[in-house]
Structures are given as C-alpha cells and as structure tokens.
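For reference, the structure is listed below as structure tokens.
Sequence lines set the chain letters: A, B, ... in the order given, protein chains first and strands last, and positions in each chain run from 1.
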Amino acid sequence: MNKVITRFAPSPTGHLHIGGARTALFCWLLARHYGGEFRLRIEDTDLERSKQEYTDSILASMRWLGLDWDGELAYQTQRTALYNAAVDRLLETGKAYWCSCTPEEVEAMREAARARGDKPRYDGRCRDKHLGPAPGSVVRLNVAAVMPDGGRIVFDDMVKGHIAVDVDELDDMILRRSDGMPTYNMAVVVDDHDMGVTHVIRGDDHVSNTPKQILLYKALGWDLPVFGHVPMILGPDRQKLSKRHGARAVVEYQKDGLLPAALVNCLVRLGWSHGDQELFTMDELIEFFDGTNLNSSAAAFDFEKLNWFNAHYLHETPVEELVRLVEPFVVRKGLDVTAEALVPMVALYRERANTLLDLADDMARMLCPTEAVVYDEKAAAKALTDEGRAQLRALHDVFAALPDFDPATLDTALNSYVAGNGLKFKQVGPPLRVALLGNQSGPHLPDLMAVMGRERVLSRLERAGRA
RNA sequence: GUCCCCAUCGUCUAGCCGGCCCAGGACAACGGCCUUUCACGCCGUCAACGGCGGUUCAAAUCCGCCUGGGGACGCCA
C-alpha cells in the first residue's frame, strides 16, 4: 500500500467546532495508524468571511487536542497559480468553457426549474457559444465533454459504502469565479491531488460534492483518492448542533475546564467503535483506528457522557499535573496561591471534581476570605442553630489549643470533644461543615481542616459561631 | 420539489458474510453497598432491533415497500 496521506481542510470562518474536531481526529488517526502523513490546509478562498484570527484559533485548538500535522500549513489563497493552471488546461481541452450569464440570470433559471419540479440548475446555455474571457464571466465545467455517454458516477465510500449518482443530476458547475478565485470543488480537487492525498475524510454534508469532484478528477485525468464521509454530529435533541445546544467550539470546552483527552475520547466514540471498549489512550486509538468500524448514521452529542469521560481522566491525572492545569483557572478567579500550596488542596478534591472549573471552585471555597463564604440557605438553617453555634464556639477553643494541626490530631480532638461532652457526631459535624465551607458536602473534616490551616479554620468558626 | 444518505435501549454503541441474541457494553435514571457529610468506587434494576410484506427450517441480521430523520441542490466551504 502506498503511503497514506490524509488532510483536514477547515475554512477560517469560525472557531474549530466539535464536528470539525472529530473529522480532524479521524483523519489524524488514520494517518498515524498507517504511518502516513496528516496535512492541514486552510480553505480561505472566501475572502469575505475568512479571518486570520479564526485560523489562529483553529490551529490552537488542534494543538490543544494533540493533533499535530505534517509539512507546511497550506493556504489556498497562496496557491491560485495551481488552480488557474488546472482551469486553463480544462479550457484548452474543451472540458470547460466561459460563461457570461449573470447571477441573476442563473437564479432565474433555477427558479424556472424549481417551478417545473426539477432540480434547480444552470441550463448550459453558454456551453457552445465559445466565449472568451470577459469581465464578470466565469468558467464552467463542460459535463457533457467529460462524460459524453452520460451514465453514473459511482464510488465506494469508506463509511457509506457504494454510492451512485446519475451524471444527469450534475450541472455545469462554476470552476473559476468572476473574481478569478477557484470555487470550492475546483480548489479541493487540485489541492488533494497536488498534496498526494490518498484518503479524503470529511463530513457527510459533502457526499453530494463527491460526484462533482470525481468528474473533475476524470476531466483532469487524475487518480481518485478513497473517500470517507462521516455522519454529522447532532445536538441532544437530534437536531443539527447549534448555539442553543451550548458549547460547540473546542475553545469553549477548554474554557469550561475539560481535558483534551476526554474530548478526544468522547468524540472518537461518536461514529467509531472498537467492540465494547469505551476508554482509549491515544496510543490505543492509533493502534486500533484503521478506517473500519465507522458508523454510517448520525450521532447525537451527549454532554453527560463527555462529563463522565472528563471526570474519569481528571481522577487519573497525577496531582502535580493537575495543579499545573488548574492554576490558570484559579488565577482567573482572582485567588492568590502558589502552586505548592495548591498541591494538598488539589489532592483533597481531585476525586470529587468533574472539571478543572469545578476544581477551581473548590479551591476558591477554601481560599476565599472568611466573610466571602456563602452559607447555603437550607444547610445553614438546619445547622447554625443556637446550639450549633455554641458547639462552634467551643470547637474554636479546642482547635486553638491544639499543639499540632494535622489530620490525626484533629481527628482525635474532634472525636474526644464529641465523646467527652456526651454528644452525637451529627450535632457537631453539620455545623462545622457549614462554618468551614458554607455547605453540607466535602472531604473528611479532619483532612479538610488540616489542609485549610488553623488560621482559616479558626476565623471561619469564629464568624459562624457569632450569635 | 429533485437527488443522495441514514434507521438497535432516553443517548453513544456491539451484533449485521442469518442460528451462539427472548439482543451485549457504556452514559443517564433508579435501587443498594461503602461512608461521621458529599463525591469517588463497587453491586444490581429499568430500558431497544420504526412499520408492513417477502426469502428461509431459522432474520436485528438478506430483499422490497412504507414511515420517519438528515444532507445536498451557491460566483459558501
């Protein structure tokens, strides 16, 4: 088998969204699996909507996901000579022709076709006029010249299987726009051929472009790559993913404190499987992803499952690594802590957090000024009774007098206080929790207090104990 | 409207060259265990082959139709 070359070709008109990310992931994995190349190409021929900031954002998201690319980044706007040469060749061989119809005229044709119940299309009226270049003119493909006998365009899709379309369904599409820029289908074919792409994997919104592109390969006399059209990713309501479904862009997940490993794992399972296995390391993915076991039906994105993946990877991440990852989130909350001080806190909360943002929230609850602790209404009403406050005042003095402030000492002190005063633990535990963090959940009390430190604990007990 | 694609638990999916499947795994939900709280973890329960016809001794698996969903039809990509 020749070297496998795949490519991801986003257009810089927005951030990298999860659909594109999954396509990129599949392309990357296939290339890595076969020891081939994964190329990246920026499709910026739409001068109106393409923005450098989006290119930068897409690249940043790719790096964050761990999808590195081979060779130079290609920009279509810098490759116009290539497209022009191909269009000219088509013109010379009669496989393409100049068309002087205005957009309005073409739109009228489409309307007429629609009215007849036909597929809206260009009627080919300039095909035999032998027009030359003129301002406002475009170049169109001469389908009849490429496929004189009509017939069908057939191809075997890696994920969809056998697909066939009548040549009659295709019209003389524009290859070069009046501004001299190539159209999408033209540029894609020229680029994929020039870059030696062997496997074109993309979203299945492109299946209907494929016969058109195959026509171009034929017109140019080039070998076809293998096509693979992966189904779309839908929202939880099975509708097309849109803003109202929440985060779509990879950067948003990054901001929400998701781990790239979790997003990768979640995305790869949307449309691909390896038996019953759910969790994969990158190495395993590379080993198993060979282009088979791709699912041909659309999948709904499940935020809950992403959350589960994230919690899993978060719990697996070594504490030191986690500290490094959570630090920016902690800083963003305006907290002033050193990484060193964060270590025991992260260790304490790692298992109960689902995202880095959760973890930062937990840090904030421990580190904020005493007066900023927010008491959960229900918990406070139940725990901060007159009796509860009295316990807190007594506890304050017990803890203040302790020789050490480590978990063992605190555990003993707390238990002997409870036992020595003929109390039940639930008379002391709940008020203590509310005093410390404002709510009723969290780590084991002695561990929590040891990590928070005596000063903070006493200050919080003092505040909550005030009548 | 025309063309193309798709169809297993609420969701992601395994199975789909027919019998091993009165359909397996995971998320969610629910119940329990663990626990001085909350999580984590562990155990368990609920839950699906869209409909109708064929082919066959036998169909989730093959074929047809229907229904439903999606996509495309641009001088966007």
Side-chain angles (χ1 to χ4, degrees), chain A residues 9-13 43-46 48-50 76 99 101-103 106-107 110 113-122 136-140 157 159-161 163-166 168-171 173-185 187-188 202-212 229 231-232 234 236 238-240 266 269-279 293 295-309 311 315 349-354 379 411 414-415 418 424-426 428-430 432-433 437 439-446 448:
Chain A
S11 63
T13 54
E43 309 220 321
D44 55 352
T45 53
D46 184 344
E48 294 281 307
R49 299 194 299 148
S50 297
Q76 286 191 323
C99 165
C101 295
T102 63
V106 178
E107 185 46 41
R110 276 196 271 266
R114 238 187 290 267
R116 261 181 279 122
D118 285 343
K119 196 173 194 135
R121 65 200 304 191
Y122 174 69
S137 285
V138 300
V139 175
R140 287 182 181 275
D157 194 275
V159 352
K160 303 269 183 189
I163 296 181
V165 176
D166 279 335
D168 301 342
E169 293 296 327
L170 279 9
D171 69 353
M173 62 178 165
I174 292 177
L175 268 20
R176 176 152 64 204
R177 303 194 286 234
S178 57
D179 66 359
M181 275 296 187
T183 52
Y184 166 73
N185 284 121
V188 165
R202 62 203 349 178
D204 76 359
D205 47 336
H206 284 295
V207 295
S208 56
N209 280 322
T210 306
K212 301 177 189 178
H229 291 94
M232 313 207 24
L234 273 21
R238 300 207 65 83
Q239 296 299 112
K240 197 169 177 175
C266 190
R269 286 289 292 109
L270 248 39
W272 177 81
S273 60
H274 182 72
D276 285 339
Q277 190 167 345
E278 296 283 348
L279 269 2
N293 298 311
N295 204 137
S296 53
S297 55
F301 191 68
D302 188 352
F303 292 92
E304 296 287 354
K305 194 148 185 178
L306 172 61
N307 216 47
W308 173 77
F309 275 118
H315 302 165
Y349 270 99
R350 179 173 67 159
E351 292 211 328
R352 4 174 74 81
N354 289 327
D411 192 48
L414 193 52
N415 284 318
V418 170
K424 292 239 167 72
F425 193 88
K426 65 179 179 200
V428 180
L432 224 199
R433 282 195 179 282
L437 299 174
N439 61 35
Q440 214 46 266
S441 58
H444 190 58
L445 251 6
L448 175 65

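Atom C1' of B:rU67 sits at a distance of 7 Å from the matching atom of B:rG51, rounded to the whole Å. Between the P atoms of B:rG64 and B:rC6, the separation comes to 12 Å (whole Å). A distance of about 15 Å separates the C1' atoms of B:rA26 and B:rG15, rounded to the whole Å. Nucleotides B:rC9 and B:rC66 have their C1' atoms positioned 24 Å apart, rounded to a whole Å. Rounded to whole Å, the P atom of B:rC34 lies 16 Å from the corresponding atom of B:rA39. Rounded to whole Å, the P atom of B:rC49 lies 36 Å from the corresponding atom of B:rC73.
Across all strands shown, A:G429 has no heavy atoms under 4.0 Å from either base or sugar-phosphate atoms. Counting any heavy atom pair closer than 4.0 Å across all strands shown, A:P236 reaches no nucleic acid atom. Contacts of A:E169 with the nucleic acid, taken as non-hydrogen atoms under 4.0 Å apart, involve only primed sugar atoms and P, OP1 or OP2. Here A:D168 lies out of heavy-atom contact (under 4.0 Å) with every strand.
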Between protein and nucleotides 71-77 of chain B, map the contacts as a letter string: B base, S sugar-phosphate only, - none, heavy atoms under 4.0 Å, written 5' to 3'. SSBSBBB

Could you run down nucleotides 39-45 of chain B 5' to 3' and tag each one B, S or - for protein heavy-atom contact under 4.0 Å? BS-----

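Applying the Watson-Crick and G-U wobble criteria (two distances, each under 3.5 Å), B:rG68 pairs with B:rC6. When Watson-Crick and G-U wobble pairs are counted only if both distances are under 3.5 Å, B:rA39 pairs with no nucleotide at all. Using the Watson-Crick or G-U wobble rule with both distances under 3.5 Å, B:rG74 pairs with nothing in any strand shown. When both pairing distances are held under 3.5 Å, B:rC49 makes no Watson-Crick or G-U pair with any nucleotide shown. Across every strand in view, B:rA60 sits unpaired, with no contact that passes the Watson-Crick or G-U test at under 3.5 angstrom. Applying the Watson-Crick and G-U wobble criteria (two distances, each under 3.5 Å), B:rC17 pairs with nothing in any strand.
Scanning for salt bridge (charged side-chain N to carboxylate O under 4.0 Å, His left out) contacts around A:D118 gives A:R116, with sequence neighbours left out. In terms of the ring-ring contact (aromatic ring centres under 6.0 Å, His included) criterion, residue partners of A:F301 (sequence neighbours excluded) are, by chain and number, A:F303. With sequence neighbours excluded, the residues satisfying side chain to side chain donor-acceptor pair (under 3.5 Å) with A:D166 are A:R152. A:F309 pairs by the ring-ring contact (aromatic ring centres under 6.0 Å, His included) definition with nothing, not counting sequence neighbours. Legend: residues meeting salt bridge (charged side-chain N to carboxylate O under 4.0 Å, His left out) with A:D276, ordered by chain and number and at least two apart, are absent. Evaluation of the side chain to side chain donor-acceptor pair (under 3.5 Å) rule for A:S297 yields A:N295 as partners, not counting sequence neighbours. For A:R110, the salt bridge (charged side-chain N to carboxylate O under 4.0 Å, His left out) partners at least two apart in sequence or on another chain are A:E107. With sequence neighbours excluded, the residues that form a side chain to side chain donor-acceptor pair (under 3.5 Å) with A:D44 are A:T77. Residues passing the salt bridge (charged side-chain N to carboxylate O under 4.0 Å, His left out) test with A:R140: none are found, sequence neighbours excluded.
Closest to the side chain of A:S297, out of B:rC6, B:rC3, B:rU37, is B:rC6. The side chain of A:K305 lies closest to B:rC27, out of B:rC3, B:rU37, B:rC27.
Sequence order on RNA chain B of the closest nucleotides to A:G271 and A:N415 puts A:G271 first from the 5' end. Annotation: of the two residues near RNA chain B, A:Q440 and A:L306, the 5′-most nearest-nucleotide partner is A:L306.
In this structure, the side chain of A:H315 engages the main chain of A:A353 through a donor-acceptor pair within 3.5 Å.
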Check nucleotides 49-51 of chain B against the protein and report each pair of N or O atoms closer than 3.5 Å, with its distance, or say if there are none.
none

